[in-house]
Structures are given as C-alpha cells and as structure tokens.
2 protein chains.
Amino acid sequence: MMELTRKGEYAIRGILYLASQPLGKVSLISEIAEAAEVPQTFLAKIFQSFAKMGIVNSYRGTGGGFTLARHPGKITLREVVEAVEGPIIPNRCLIEGGGCDRRGNLPCCVHEVWKDVQAGVVRVLDGVTIEQLAQKG
Amino acid sequence: MMELTRKGEYAIRGILYLASQPLGKVSLISEIAEAAEVPQTFLAKIFQSFAKMGIVNSYRGTGGGFTLARHPGKITLREVVEAVEGPIIPNRCLIEGGGCDRRGNLPCCVHEVWKDVQAGVVRVLDGVTIEQLAQKG
DNA sequence: GTATAAAAGACAAAAACGGTCCTGAAGGTA
DNA sequence: TACCTTCAGGACCGTTTTTGTCTTTTATAC
Ligand code: SF4
Ligand code: SF4
C-alpha cells in the first residue's frame, strides 16, 4: 500500500539532477536521463508534466533543454510527486467533489482518519525542498 | 498516489460490521457481505487473510462463521489494512532487505523522507482501533 | 533550409486490480 | 453413514494501470 510508482521515483531523480546543476544551466533530457539512470523517453514524458505544472521551463531547438522554473528552495517534494502522480489521496472519499458511494454520500467515521493520513503525508512532503535534498547529495 | 484499494476499503467495512455485533457472536460471510455492501466472494478472500493474520477466528460447518479474534479495542486500523494490502511501504527502498538499486544499495537522501512518511502513516493508523470506529458509527 | 530538441499522441507488453467459480475440507445433524 | 452447511484454496478472467517505446509534429537556432 501507498507505494510510489517508478514514475514518481524517476521524477524525483530527474529534478534532483537539475537542482544539482548550476542555476540557470540548460540540461538536455538525454543528459538528465543518463545521470538519473532513467529511460530517456519515459523521462521525457515526466518532464512534460513538470513543464505543464510550471516546475521547469523547456526550450526547443538547438541549445534547448530544461531548467528549473523556480529556485530549488521553492520547489517542494510534494509538488514534484503530485506533478506526475496526481494529488495525494489515501481514499476515494477524499477526491474533490467525489464523496462516498455509501450512505447517500455521507462520509463515514473512517473518513476522518484518511484525512489525517493525507494531512500527515502532505506535511512531510511539503516540508522538504529539492534544494535541501540536492545539498545533502 | 497512496490510494487504498477496494480490497482495503472492503476489509475495513467488513471488520467494522463484526465489531458492531455483540461480542462473540458468530457472523456468516454472507451476512457481513450484505451489511457491508461488498461482493461476497471477494469478502470471503479478505476474511481468509484476516484469519491468517489472527484478526478473526473462523469456524466451518453448520453454525460456523467469523468472530473477532480479539477485543475490538485491541485491533488497530493498521492491522486491518496491512492484513490485506501488505505493509505500508511508500517506496521500495523501505522494503525489508530490499534496498535501492542505485549507488550500490546505499540509500540516498530522499530515503529518510520516505521513512518519515511511513512513520507518519503508521502512527495515524495505529492510533485508531476498530472499537473507536464502530462506536462512532 | 536544415539540424536540433522538446511536444504530443499512438501503441504495446506486463503487472495489478477486482472480482468469479469450482473443488475440497471441516464440522454439524439426522 | 449420509448429507448439509460453511469456510479454504486455487484457477481463472476481464479491465485498468503501469512502464515504457515509437513516430510525427512543432518550435527554435544557425
Ligand atoms: S465508507 Fe467511509 S472511508 Fe469508505 S469511502 Fe465511504 S466515507 Fe470514505
Ligand atoms: S534513489 Fe533514494 S529514494 Fe529512490 S529508491 Fe534509492 S534510496 Fe530510495
């Protein structure tokens, strides 16, 4: 239960490589993929998600590649994970507007527990920036 | 990410029905399935897992069925979830004896974050018993 | 115009999910 | 003993998700 997918793991490795590079340096996806030991085409998809979420900037053509869109101290691990895996939802009754199928959409007593779990995970992941991680090596 | 499967959701509903019954009362799987609104054959598998984990007792033959193996105040939500979904493992480097494939099995800096996530989730789920949940309705 | 590099989308194998079904074993009961 | 009840265990199966690959298109630099 609660397992990060490969995509999530690769996403972190990739963004961490970017964070370890000099600020503003443009990196090729091929370069990132090699350093992060991730299949290149797969990582390309991941970085597309990053770009859409405004975590990285992408540049096409000669001299193109990716840079961080913000200072690494302003990018949290939660953002990185959620960019590729979607929001952190321990149970479907926490989905925005979703609700529960039982009892006429009234949440049951367990609902609150899942909210606690969600809040706990979010707090941990929001408390870590990729700058912190990159510095620790 | 981190989503409980149907199996986990059904497991909780099923055990909560047992906890709502008079202590020691033997309940049929058909009865539990109907009350919990869960496919019966699927719930049967779930209760097999419970029995193996020592959460419930099962009795065969006429008059058989299931009872809680312990007082509901001694059964935590974590046990119930882990019985059917396996241990709470946010990332594969937390698997016992598993380790990471990179850097010669040395855990990286993100490893500690996943340990924090795991500890947080476990703390929440271990802090709730099915007795508490059943009482709140 | 041409080379470069990301964007976008189609495709696909493999695994996980969400069950169903059948046979068998254990335990009552007449 | 024969029969009925109830759970145990395993085979099976369709759908969805994961984990990618490949091809085509678009944007950019030179
Ligand atoms: S039964 Fe309770 S925990 Fe389960 S989905 Fe509904 S509100 Fe959430
Ligand atoms: S790279 Fe780090 S976080 Fe990822 S599996 Fe290895 S030790 Fe864990």
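The figures here come from the full heavy-atom set of this structure, side chains too, leaving out hydrogens, waters and symmetry mates. Below, chains carry the letters A, B, ... as their sequence lines are ordered, and counting in each starts from 1.
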Open item on the list: Looking at every heavy atom in both B:V124 and A:V117, which two are closest together, and how far apart are they?
Closed with: CG1-CG2, 3.7 Å
- [ ] Can you figure out which of C:dA6, D:dG20, D:dT6 approaches the side chain of A:R6 most closely?
- [x] D:dG20
TODO: Would you indicate whether the side-chain heavy atoms of A:L133 and B:V113 approach each other to under 4.5 Å?
DONE: yes
Task: Atom pair distance, as rounded to whole Å: CG in A:N57 and C1' in D:dT28 - done: 15 Å
Open item on the list: Under 4.0 Å from OP1 or OP2 of C:dT29: is there any side-chain N or O of B:T62 that close?
Closed with: no
TODO: Starting from P on C:dG19, measure out to CD on B:E9 and report it in whole angstrom.
DONE: 12 Å
Task: Nearest-angstrom distance from the residue atom CD of A:E3 to C1' of D:dT17 - done: 14 Å
Task: Nearest-neighbour nucleotide for the A:K45 side chain, C:dA6, C:dA10, C:dA3 considered - done: C:dA10
Open item on the list: Nearest to the A:R92 side chain among C:dA7, C:dG18, D:dG20, which nucleotide is it?
Closed with: C:dG18
- [ ] Check whether any side-chain N or O of B:S58 sits under 4.0 Å from OP1 or OP2 of D:dA8, and answer yes or no.
- [x] yes
- [ ] Give the nucleotide from the list D:dT21, D:dA8, C:dC21 with an atom nearest to the side chain of B:T41.
- [x] C:dC21
Open item on the list: Taking side chain to side chain contact (heavy atoms under 4.5 Å, CB included) as the criterion, tell me which of A:L23, A:L16, A:L18, A:I15 meets it with A:P72.
Closed with: A:L23
Task: Nucleotide C:dC11, atom C1' - distance to CZ of A:F42 in whole Å - done: 15 Å
Task: Rounded distance in Å - CD (A:E31) to P (C:dA5) - done: 11 Å
Open item on the list: Using a 4.0 Å heavy-atom cut-off, does B:F66 contact any base of the nucleic acid, only the sugar-phosphate backbone, or nothing at all?
Closed with: sugar-phosphate
Task: Proximity to the side chain of B:R60 - top-ranked nucleotide from C:dG19, D:dA27, D:dT6 - done: D:dT6
Open item on the list: OP1 or OP2 of D:dG9 versus the side-chain N and O atoms of B:Q48: is any pair under 4.0 Å?
Closed with: yes
Open item on the list: Is there a side-chain contact between A:T5 and the phosphate of D:dT17, meaning an N or O under 4.0 Å from OP1 or OP2?
Closed with: no
Task: Within 6.0 angstrom of A:R123 CZ, more than 12 heavy atoms from elsewhere - done: no
TODO: Tell me which nucleotide among C:dA7, C:dA6, D:dA8 gets nearest to the side chain of A:I29.
DONE: C:dA6
Open item on the list: Please tell me whether B:E3 and A:N91 have a donor and an acceptor in their side chains that are separated by less than 3.5 angstrom.
Closed with: no
- [ ] Report which part of the nucleic acid A:Y10 touches: base, sugar-phosphate, or nothing (heavy-atom distance under 4.0 Å, all strands).
- [x] sugar-phosphate
Open item on the list: For D:dT5 and B:Y59 - does any side-chain N or O of the residue sit under 4.0 Å from the phosphate oxygens OP1/OP2?
Closed with: no
- [ ] Starting at atom CD1 of B:I46, determine the distance to atom C1' of C:dG18, rounded to an integer number of angstrom.
- [x] 10 Å
